[in-house]
Amino acid sequence: MNNVMKDVPIIAIVDDDASIRRSLLRVVQSAGYQGETFASAREFLDWLPRNQAACLVLDIHMNDMNGFDLQERLAVPIIFITAHDDVPTLEHIEKSGAPGHLRKPFDAATVLKAIRRAVRATHAQTSGVDGDGHVHDA
């Protein structure tokens with residue numbers, strides 16, 4: 001990995017649907033982010049100890065571990081994606097504190113807007129700069 005790539009935020013994509021992973025990866029890379037895709041929560045958890053993501057785009061309904069269970073183990077902004085917008089799912093998303101959620105299918109502009117918001121929040125937490133670019137003393 002070259003030095004330029006080290007400064008590019010990594011957007012992790014966890015979804016058990018390969019076509020969704022490919023589509024989101026293209027969107028993320030087209031916006032200049034580095035993307036990493038995972039077919040399951042377990043794959044992501046195996047990757048995580050050696051890497052860091054600025055944002056996680058996470059499917060809620062997966063076979064091995066659902067998105068809510070994975071979220072409980074993490075301290076990274078999560079954008080939930082789901083094809084299910086039933087009341088229990090929406091209530092769980094609201095209670096989770098996730099900065100956003102998207103209903104499948106979604107468009108690239110909406111995904112990128114949510115990712116940029118989450119990346120700004122991550123950058124602010126790690127650098128002392130708020131989402132508007134204002135520096136705060138620690």
Side-chain angles (χ1 to χ4, degrees):
M1 181 185 306
N2 62 35
N3 287 335
V4 173
M5 290 304 287
K6 287 181 183 178
D7 296 331
V8 176
I10 297 172
I11 309 303
I13 300 160
V14 182
D15 196 306
D16 53 3
D17 183 327
S19 64
I20 296 289
R21 288 193 310 273
R22 283 190 303 270
S23 175
L24 285 169
L25 182 61
R26 282 192 300 270
V27 169
V28 163
Q29 290 175 334
S30 73
Y33 296 109
Q34 182 179 347
E36 295 288 338
T37 62
F38 307 92
S40 71
R42 296 271 177 228
E43 280 184 23
F44 174 72
L45 289 171
D46 289 345
W47 173 86
L48 193 57
R50 298 170 309 281
N51 300 282
Q52 183 176 7
C55 172
L56 176 59
V57 180
L58 176 61
D59 188 17
I60 293 174
H61 298 283
M62 296 183 291
N63 292 327
D64 67 336
M65 178 188 300
N66 73 43
F68 295 126
D69 291 339
L70 179 59
Q71 181 196 29
E72 291 176 5
R73 299 172 174 224
L74 305 174
V76 62
I78 293 173
I79 299 163
F80 282 118
I81 57 175
T82 185
H84 307 274
D85 63 352
D86 55 86
V87 172
T89 299
L90 293 175
E91 286 176 349
H92 203 147
I93 291 169
E94 189 174 312
K95 290 177 185 175
S96 75
H101 78 279
L102 304 171
R103 171 128 170 57
K104 295 177 187 177
F106 38 77
D107 63 78
T110 303
V111 172
L112 287 175
K113 183 177 177 182
I115 288 171
R116 286 184 180 116
R117 192 171 46 245
V119 169
R120 278 195 305 267
T122 298
H123 181 71
Q125 289 173 348
T126 59
S127 69
V129 177
D130 68 18
D132 296 322
H134 301 107
V135 177
H136 297 275
D137 295 329

Taking side chain as C-beta onward, heavy atoms only, is [X] less than 4.5 Å from [Y]?
| X | Y | answer |
| --- | --- | --- |
| Phe44 | Asn51 | no |
| Asp59 | Val14 | no |
| Ile79 | Cys55 | yes |
| Leu102 | Val57 | no |

Exercise for the section: Please answer whether the main-chain N or O of Ser96 pairs with a side-chain N or O of Gln71 as donor and acceptor at a distance below 3.5 Å. Expected result: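 Judged by distance alone, yes, a pair lies under 3.5 Å.
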Distance, nearest 0.5 Å, that separates [atom1] of [X] from [atom2] of [Y]:
| X | Y | atom1 | atom2 | value |
| --- | --- | --- | --- | --- |
| Leu48 | Leu70 | CG | CG | 8.5 Å |
| Ile11 | Ile115 | CD1 | CD1 | 5.5 Å |
| Thr89 | Asp86 | OG1 | CG | 3.5 Å |
| Glu72 | Leu74 | CD | CG | 10.0 Å |
| Thr110 | Arg103 | OG1 | CZ | 13.5 Å |

Where [X] and [Y] come nearest, the two heavy atoms and their spacing:
| X | Y | answer |
| --- | --- | --- |
| Phe38 | Arg21 | O-CD, 3.2 Å |
| Leu25 | Glu36 | CD1-N, 4.4 Å |
| Met65 | Leu45 | CE-CD1, 3.9 Å |
| Asp16 | Met62 | OD2-CA, 3.4 Å |
| Asp85 | Leu90 | O-CD1, 3.3 Å |
| Val76 | Ala53 | CG2-O, 3.2 Å |

Handout entry: For Phe68, all residues meeting ring-ring contact (aromatic ring centres under 6.0 Å, His included), sequence neighbours excluded
Key =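 Expected list: Phe80, His92.
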Practice task
Output yes when Asp15 and Lys104 qualify as a salt bridge under the 4.0 Å nitrogen-oxygen rule, no when they do not.
Solution key: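 Here Asp15 pairs with Lys104 in a salt bridge, since their nearest N and O are under 4.0 Å apart.
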Exercise for the section: Going by the side chain to side chain contact (heavy atoms under 4.5 Å, CB included) test, name the single residue among Leu24, Asp17, Ile60 that passes it with Ile81. Expected result: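 One option only clears the test, and that one is Leu24.
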